[in-house]
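Structure record follows, encoded as structure tokens.
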Protein chains: 2
Amino acid sequence: MIRRTRQREAILAALRATDSHPTADWIYDQIRRVMPTISLGTVYRNLRFLCECGKAQEIDMTGAHTRFDGNPENHYHFRCDNCGRVFDVGGVVDKELDERVARETGFQISHHRLEFRGLCRGCQRAGNPEGRA
Amino acid sequence: MIRRTRQREAILAALRATDSHPTADWIYDQIRRVMPTISLGTVYRNLRFLCECGKAQEIDMTGAHTRFDGNPENHYHFRCDNCGRVFDVGGVVDKELDERVARETGFQISHHRLEFRGLCRGCQRAGNPEGRA
DNA sequence: TTAGGTGCAAAACCTTTGCCATCCC
DNA sequence: GGGATGGCAAAGGTTTTGCACCTAA
């Protein structure tokens, strides 16, 4: 049964109170000011928990390892949530999107990276959407 | 002066010979079969080198740390190449893109993540596009 | 009462780095 | 020859985990 603890509440509150997309370490520092004995392990455990139950999300599209692509041209990728494999997605990179968002935001945009997530053809057939190969 | 070495050639060849978006470790294993004394450090050094001179690219949009977002709704981000800060980008997530790519590829797509890169407003003014705060 | 959660510290993990030997130009 | 690279191993930094204690329900 899921229990609400002071630590978990504090972590979610810290996350909700900022738009700085903080790291685990930043949250740890924030909370330690008012709860000096909290541990970094608890922060990591709860961040993972909050992501799993849909109350937060990780931003970096990080797998366990860095992956490299011998094709240096910008192109889009698809990553299978089940087996972790990464595939190229054909089609044209939308350069106008960069220009539009640059106008809207004032950021100087050099490019964008786009990653689709879901199940690859093989894992759809295998039909174990929960596991991870 | 840049020198061509057997190791560097082998790493680029391995990268070009696959579309599996390999990890450094995978490349290391491949090359060790024909060049048993190559070291993992060399693989990392050369992968970084190849990315820097535009012959390969890293796929994961990984910063040094994982960043978390208290907003669990899918939305787009902008990451400043200079200061590393991450900003939300407003606007609507293009759900039709998922459907279109799903039709084209046969993948089952649940969502996509999109990250713009460039210089934020503050770093444009500061005018040091090379450094990193 | 008791299963879930915490704190602490060690482990695990990937990646980088220092140093000296080696190799390419 | 001499500087760029490689091999090796140790260091570095982040994240995870084992375990004993604690605590919310």
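Here is how names work: the chains are called A, B, and so on, in the same order as the sequence lines, proteins then strands, and each is numbered from 1.
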Are any of T42(A)'s side-chain N or O atoms less than 4.0 Å away from OP1 or OP2 of dG7(C)? yes
Mind checking whether F78(B) and F107(A) have parallel, tilted or perpendicular rings, split at 30° and 60°? parallel
Whether H77(A) and H21(B) hold their rings parallel, tilted or perpendicular, with breakpoints at 30° and 60°: perpendicular
Any salt bridge between R100(A) and E104(A), counting N to O under 4.0 Å? yes
Report the nucleotide, chosen from dT6(C), dG7(C), dC24(C), that has the shortest atom-to-atom distance to any side-chain atom of R3(B). dC24(C)
Which sits closer to the 5' end of DNA chain D, R6(B) or M1(B), going by the nucleotide each is nearest to? M1(B)
Starting at atom CG of L40(A), determine the distance to atom C1' of dC8(C), rounded to an integer number of angstrom. 11 Å
Starting at CZ of R32(A) and ending at P of dC8(C), how long is that distance when rounded to a whole Å? 10 Å
Between dA3(C) (P) and F49(A) (CZ): distance, integer Å: 18 Å
Between R4(B) and R4(A), just flag the one whose closest nucleotide in DNA chain C comes earlier from the 5' side. R4(A)
Inter- and intrachain pairs under salt bridge (Lys or Arg N to Asp or Glu O under 4.0 Å), touching residues 31-49 of chain A, at least two apart: D29(A)-R32(A)
Relative to the ring of Y76(A), is the ring of H112(A) parallel (under 30°), tilted (30 to 60°) or perpendicular (over 60°)? tilted
dT17(C), OP1 or OP2 - any side-chain N/O from R48(B) closer than 4.0 Å? yes
Return no unless some side-chain N or O of Q7(A) is found under 4.0 Å from OP1 or OP2 of dT23(D). no
Within the structure, does a side-chain N or O atom of T23(B) lie under 4.0 Å from either OP1 or OP2 of dC14(C)? no
Given 3.5 Å as the limit, does a donor-acceptor pair link the side chain of Q30(B) with the main chain of L15(B), or not? no
Once you round it to whole Å, what is the distance between C1' of dT23(D) and CE of M35(A)? 14 Å
Could you tell me the separation between the CD atom of E58(B) and the P atom of dT16(C), rounded to a whole number of Å? 8 Å
Taking N46(B) for the side chain and F49(B) for the main chain, is one N or O donor matched with an acceptor at less than 3.5 Å? no
Rounded to the nearest Å, what distance is computed from the CD1 atom of residue I11(B) to the P atom of nucleotide dT5(D)? 12 Å
Indicate whether any N or O donor in one side chain lies under 3.5 Å from an N or O acceptor in the other, for N74(B) and H111(B). no
For the side chain of R8(A), counting heavy atoms from C-beta on, which of dT16(C), dG5(C), dG6(D) is nearest? dG5(C)
Which nucleotide in the list dG6(D), dG3(D), dT17(D) gets nearest to the side chain of T5(B)? dG6(D)
Hey, what bend do you get for the helix from dT1(C)-dA25(D) to dC25(C)-dG1(D) if you fit axes on five pairs at each end, rounded to 10°? 40°
Just how far, in rounded Å, is P of dT16(D) from CG of D25(A)? 14 Å
Here the distance between atom P of dT23(D) and atom CD1 of I38(A), to the nearest Å, is 14 Å
Under 4.0 Å, heavy atoms only, any strand: does R45(A) hit a base, just the sugar-phosphate, or nothing? base
